[in-house]
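Reckoned from all heavy atoms, side chains included, excluding hydrogens, waters and symmetry mates. What you are looking at is a predicted structure, and each value in this text was computed from that prediction instead of being measured.
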Amino acid sequence: MAVTFDLFGTLVDVDRPEDPAAAVASALCDRGVEVPSDWQAAYTEQHIDAPDGAEVLLPVHVAAALRSRGVDTPDSAVRNAVVAAFDPAVDTRAGAVDAIAAAAEAGPVGLLSNCAVPELVGRTLIRSTLDRDAFDAIVTSSGCGWRKPHPNIFRTAADELGVAPEALCHVGDDPATDGGITSLGGSFLDVSDRDLEALATQLRREGVPEE
């Protein structure tokens, strides 16, 4: 068995922009990019034709939204603006470090996160009290191209941890996304209704649950 942990809302809390479109617009303006007057509408429209469950990186979406309004700007400016708009303050949740350690006593441990913003997972780990080296694998939707609950992101994590998907237990706070592991025969531990200290105790007493 192996365990993967969701990052945002599970191991850490981050301050997200209340209005992502406005935050991106402000960061674009700071970099001299002309923001269309109907940016809120452009930001919410779909501009990239991607398969169901595929991840579309936010800079790619933003660049396409700008082009849809006749604004062409260097990819580097768009990427830097998006990264700046979502630059997080991070709070590590109580018990997170111990929960990872408890899981590691039973087998390989990975981080498995949906994230369309480049550098965000790395910056979050640096600003948290989590040890990046505590994870045997780090898999993100931006890296593998698929978002939870799509089976492919769980398969990728299982492959990197050297186990079959049905031997993967995923810990997260959102049954709609994190619970996708159950479609492959794995198990899901929901931390939305329990604290991480209790999870660590459960893992040490009962081991990693199987589906």
Side-chain angles (χ1 to χ4, degrees), residues 2-10 14 16-17 20-21 23-25 28 36 38-83 85-86 110-124 135-190 192 211:
V3 177
T4 50
F5 287 87
D6 172 53
L7 180 59
F8 304 106
T10 298
V14 299
R16 301 177 184 271
V24 171
L28 287 168
D38 63 341
W39 175 245
Q40 286 284 347
Y43 187 88
T44 58
E45 293 170 3
Q46 180 177 337
H47 301 283
I48 305 296
D49 186 13
D52 288 344
E55 180 66 278
V56 176
L57 293 179
L58 191 55
V60 175
H61 168 75
V62 169
L66 289 169
R67 286 195 300 271
S68 75
R69 300 308 194 264
V71 179
D72 196 7
T73 192
D75 290 342
S76 59
V78 175
R79 179 188 173 95
N80 291 341
V82 169
V83 170
F86 290 86
L111 185 70
L112 181 56
S113 177
N114 281 350
C115 186
V117 179
E119 303 179 32
L120 180 55
V121 167
R123 288 181 180 220
T124 298
F135 300 106
D136 298 294
I138 296 177
V139 177
T140 64
S141 59
S142 58
C144 80
W146 299 95
R147 292 182 63 82
K148 295 177 287 185
H150 197 282
N152 283 352
I153 190 171
F154 294 106
R155 290 192 183 103
T156 299
D159 286 346
E160 294 205 12
L161 292 171
V163 300
E166 58 267 26
L168 189 64
C169 173
H170 183 59
V171 179
D173 66 316
D174 184 358
T177 56
D178 298 307
I181 183 58
T182 59
S183 70
L184 296 174
S187 56
F188 168 56
L189 285 177
D190 188 351
S192 63
E211 181 66 18

Query raised in the report: Which heavy-atom pair separates Ser68 from His47 by the least distance, and what is that distance?
Result: OG-CE1, 3.3 Å
**Report entry** CA sep, side-chain torsions, deciding dist, call: Phe8, Asn114, side-chain contact (heavy atoms from CB on, under 4.5 Å)
**Finding:** CA-CA 8 Å; Phe8 304 106; Asn114 281 350; over 6 Å; no
Query raised in the report: Nearest 0.5 Å, what's the CG-OH distance between Leu58 and Tyr43?
Result: 4.5 Å
**Report entry** Ala42 to Ala65 - nearest heavy-atom pair and separation
**Finding:** O-CB, 3.6 Å
**Report entry** Criterion side-chain contact (heavy atoms from CB on, under 4.5 Å) on Glu55 and Ile153, from CA distance to verdict
**Finding:** CA-CA 10 Å; Glu55 180 66 278; Ile153 190 171; over 6 Å; no
Report summary line: Value for OG1 (Thr44) from CH2 (Trp39), rounded to nearest 0.5 Å, stands at 10.0 Å
Report summary line: Taken to the nearest 0.5 Å, the spacing of Thr156 OG1 from Leu161 CG works out to 11.0 Å
Query raised in the report: Does Cys115 offer a backbone N or O that forms a donor-acceptor pair with the side chain of Ser141 under 3.5 Å?
Result: yes
Query - Audit row: Leu28, Val62, side-chain contact (heavy atoms from CB on, under 4.5 Å) steps and yes/no - result: CA-CA 10 Å; Leu28 287 168; Val62 169; 4.2 Å; yes
Report task. State the CG-CG distance between Leu66 and Asp72, to the nearest 0.5 angstrom. Result -> 9.0 Å
Query raised in the report: Any idea which heavy atoms bring Val78 and Ala63 closest together, and the distance?
Result: CG1-N, 3.9 Å
Query raised in the report: At what distance, to the nearest 0.5 angstrom, does CG of Leu7 lie from CD1 of Ile138?
Result: 9.0 Å
Report task. Flag the pair Val117 / Glu119 as yes when at least one side-chain heavy-atom distance between them is below 4.5 Å, and no otherwise. Result -> no
Query - Over all atoms of both residues, closest heavy-atom pair of Asp190 and Pro175 - result: OD2-CG, 3.5 Å
**Report entry** Pairwise distance CZ(Phe154) to CG(Leu184) - rounded to 0.5 angstrom
**Finding:** 7.5 Å
Query raised in the report: Charged N to carboxylate O under 4.0 angstrom, Asp6 versus Lys148?
Result: yes
**Report entry** Reference residue His170; test side chain to side chain donor-acceptor pair (under 3.5 Å); the match among Thr177, Thr10, Asp178
**Finding:** Asp178
Query raised in the report: Does any N or O in the side chain of His150 come within less than 3.5 Å of the main-chain N or O of Gly180, such that one atom is a donor and the other an acceptor?
Result: no
**Report entry** Pair Leu57-Val82, side-chain contact (heavy atoms from CB on, under 4.5 Å): steps then yes or no
**Finding:** CA-CA 10 Å; Leu57 293 179; Val82 169; over 6 Å; no
Report task. Check whether any side-chain heavy atom of Ser183 sits under 4.5 Å from a side-chain heavy atom of Pro149, and report yes or no. Result -> no
**Report entry** Minimum heavy-atom distance Trp146-Pro51, with the two atoms named
**Finding:** CH2-CB, 4.3 Å
Query raised in the report: Would you say Asp38 has more than 12 foreign heavy atoms packed within less than 6.0 Å of its CG?
Result: yes
Requested in this report: Return yes if some donor-acceptor pair links the side-chain N/O of Gln46 with the main-chain N/O of Ile48 below 3.5 Å, else return no.
Outcome: yes
Query raised in the report: Who pairs with Asp52 by salt bridge (Lys or Arg N to Asp or Glu O under 4.0 Å), at least two apart in sequence or on another chain?
Result: none
**Report entry** Any Cys144 side-chain heavy atom under 4.5 Å of Asn152 side chain
**Finding:** no
Query raised in the report: Would one find more than 12 heavy atoms of other residues, nucleotides or ligands at under 6.0 Å from atom CG of Asp75?
Result: no
Report task. For Pro36 and Val71, work out which heavy atoms get closest and say how close. Result -> CG-CG2, 4.1 Å
**Report entry** Sub-4.5 Å side-chain heavy-atom contact between Phe86 and Val24
**Finding:** yes
